[in-house]
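This report concerns only the one structure given below.
These figures come from a predicted structure and were not determined experimentally. By convention in this document, chain letters (A, B, ...) are assigned in the order of the sequence lines, proteins followed by strands, and residues within each chain are numbered from 1.
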2 protein chains.
Amino acid sequence: MYSFYCTFGNMNLILQNISKHVSLTPEEELLFLSKTETKKVKAKTILQNAGHVCKEGYFVNSGLLRSFNINDNIVEHVMSFACEGWWISDMYSLLSQKPGNLFIEVLEDAEVVVLTKENQEKLYLEIPKLERFFRILTENSLVANQERLMDNLSLTAEERFEKFCKKYPTLIQKVPQKQIASYIGVTPEFFSKMKARMLKK
Amino acid sequence: MYSFYCTFGNMNLILQNISKHVSLTPEEELLFLSKTETKKVKAKTILQNAGHVCKEGYFVNSGLLRSFNINDNIVEHVMSFACEGWWISDMYSLLSQKPGNLFIEVLEDAEVVVLTKENQEKLYLEIPKLERFFRILTENSLVANQERLMDNLSLTAEERFEKFCKKYPTLIQKVPQKQIASYIGVTPEFFSKMKARMLKK
DNA sequence: CTTATTTCTTAATCTAGGTTAAGTGCTCCA
DNA sequence: TGGAGCACTTAACCTAGATTAAGAAATAAG
């Protein structure tokens, strides 16, 4: 049995993720996996394009992705990063099945588990417990998002950066600086200036 | 049967709300209602205090509420409004059962349906379909929140205000101006100036 | 190894929106 | 019915962060 899990490589990371909130039987776990597909993707790959209807969500086994939108065809705004153990997708488009305005891009070579909307719906019927799992996932995501909104309304750029560092210590090493700038909502130039100022203290 | 619904007044608004996403049997509807409590609350009532653990969520039958947080004990930031047909609560505190940082205040005399966390959890067990209902509710809320975050990162105050007007035409009449200012993320003074400028065009 | 492209830095200048302050209406309840 | 407090306005001045531009440093590509 031990070797069984081994043959799946780090595929079981997603099962671990699920088991944090609901417990599936081994059969249900296999059913779940049978509805997903694990894929290796190279850095700079665009998994989702703005203007298109989003058909799938991604769970990250390894590597790093981001989602962002482009304003007036010029300025990029990073909406989220996703590294090992995180989910990422264009929720708006995935749920409404209307064209979205997010891009999803691979920042570092990654392995992702692909779950199509179609299969997700099927899984809700076959394993109702997953309804609970994704509810909890969405709830946590909502709470994090609300906090970020509050921070953008009430904190300075410097404070937002400090919070980002505390909250995602592993990301700071990996993510290019200008993308952190975009995530916390300032220009790369100002971010650079701010960083220099912070070092002096 | 007609008179039956009448005796509940607009209590059935919440059942309508649920039926948009999942269909309950009449028995399930009664069970649901038995786990809630309808309450009339006067303007200026504080239903939830920052620093306290949130024990319940509210569905608005009539009237108007808002949630907000206070920064450095000075500046208020309106996080959300809720009028007829909307849900409101401090999601972070309700989910984590840790002290929250939101206030929930009644802006206009209101009738709300109270659903405690305890009863909500019981309902998940007794009517698993509600798992789906609240998943969908949370999903929609997340999408709206993500859009608002994106708007705050990429639009000007004027554009945000225009979007607010289009999105919540009924609210503009009801909500005091300074609270709209806070919601879109500017000071009341600047909002006033901006509005005057917009009228000139 | 060399060049090209992208990322990061620095600095001068500019602006959306904040702050402070003073004045004009409300409205509400004593 | 009058005055105490809110809600809103206007205006002068201020600042965090944007924009523009140009050079340095790091990666990538050939």
Please enumerate all protein N or O atoms sitting under 3.5 Å from an N or O of nucleotides 16-23 of chain C, with distances to 0.1 Å.
unit_1: C:dG17; atom_1: OP1; unit_2: B:Ala157; atom_2: N; d: 3.2
unit_1: C:dG18; atom_1: OP2; unit_2: B:Thr187; atom_2: N; d: 3.2
unit_1: C:dG18; atom_1: OP2; unit_2: B:Thr187; atom_2: OG1; d: 3.4
unit_1: C:dG18; atom_1: O6; unit_2: B:Lys193; atom_2: NZ; d: 3.2

Strictly under 3.5 Å: I want the nitrogen or oxygen pairs between protein and nucleotides 5-8 of chain C, one per line.
unit_1: C:dT7; atom_1: OP2; unit_2: A:Lys178; atom_2: NZ; d: 3.1
unit_1: C:dC8; atom_1: OP1; unit_2: A:Gln177; atom_2: N; d: 3.0
unit_1: C:dC8; atom_1: OP2; unit_2: A:Lys178; atom_2: N; d: 3.0

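Judged as a side chain to side chain contact (heavy atoms under 4.5 Å, CB included), and not counting sequence neighbours, the contacts of A:Ala157 are A:Arg160, A:Val186, A:Phe190, A:Met194. Qualifying side chain to side chain donor-acceptor pair (under 3.5 Å) partners for A:Tyr58, counting only residues two or more places apart in sequence or in other chains: A:Glu56. When the side chain to side chain contact (heavy atoms under 4.5 Å, CB included) test is applied to B:Lys44, no partner is found at least two apart in sequence or on another chain. In this view, A:Glu118 and A:Thr116, A:Lys122 satisfy the side chain to side chain contact (heavy atoms under 4.5 Å, CB included) rule, not counting sequence neighbours. Applying the side chain to side chain donor-acceptor pair (under 3.5 Å) rule to A:Lys129 yields the partners A:Glu28; only residues at least two apart in sequence or on another chain are considered.
Rounding to whole angstrom units, CD1 of residue A:Ile184 and C1' of D:dG17 are separated by 11 Å. Here D:dA16 presents its P atom at 18 Å from CG of A:Leu153, a figure rounded to the nearest Å. Residue A:His77 contributes atom NE2, which lies 14 Å from atom C1' of D:dG17 at whole-angstrom precision.
For residues 178-193 of chain B, no residue pair satisfies the salt bridge (Lys or Arg N to Asp or Glu O under 4.0 Å) rule, not counting sequence neighbours. The salt bridge (Lys or Arg N to Asp or Glu O under 4.0 Å) analysis of residues 134-143 of chain A, with sequence neighbours excluded, yields the pairs A:Arg135-A:Glu139, A:Arg135-B:Glu131. Applying the side-chain hydrogen bond (donor to acceptor under 3.5 Å, both in side chains) definition to pairs two or more places apart or across chains, those involving residues 91-105 of chain A are A:Lys55-A:Gln97, A:Arg66-A:Glu105.
For the helix from C:dC1-D:dG30 to C:dA30-D:dT1, the angle separating the two terminal helix axes comes to 50°, with each axis derived from five pairs and the value rounded to 10°.
Summarising the geometry of B:Leu115 relative to B:Asn119, their closest heavy-atom pair is CD1-CB, 4.0 Å, with the distance given to 0.1 Å.
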Side-chain donor-acceptor distances from residues 79-87 of chain B under 3.5 Å, at least two apart:
unit_1: B:Ser80; atom_1: OG; unit_2: B:Ser67; atom_2: OG; d: 2.9
unit_1: B:Trp87; atom_1: NE1; unit_2: B:Asn17; atom_2: OD1; d: 3.2

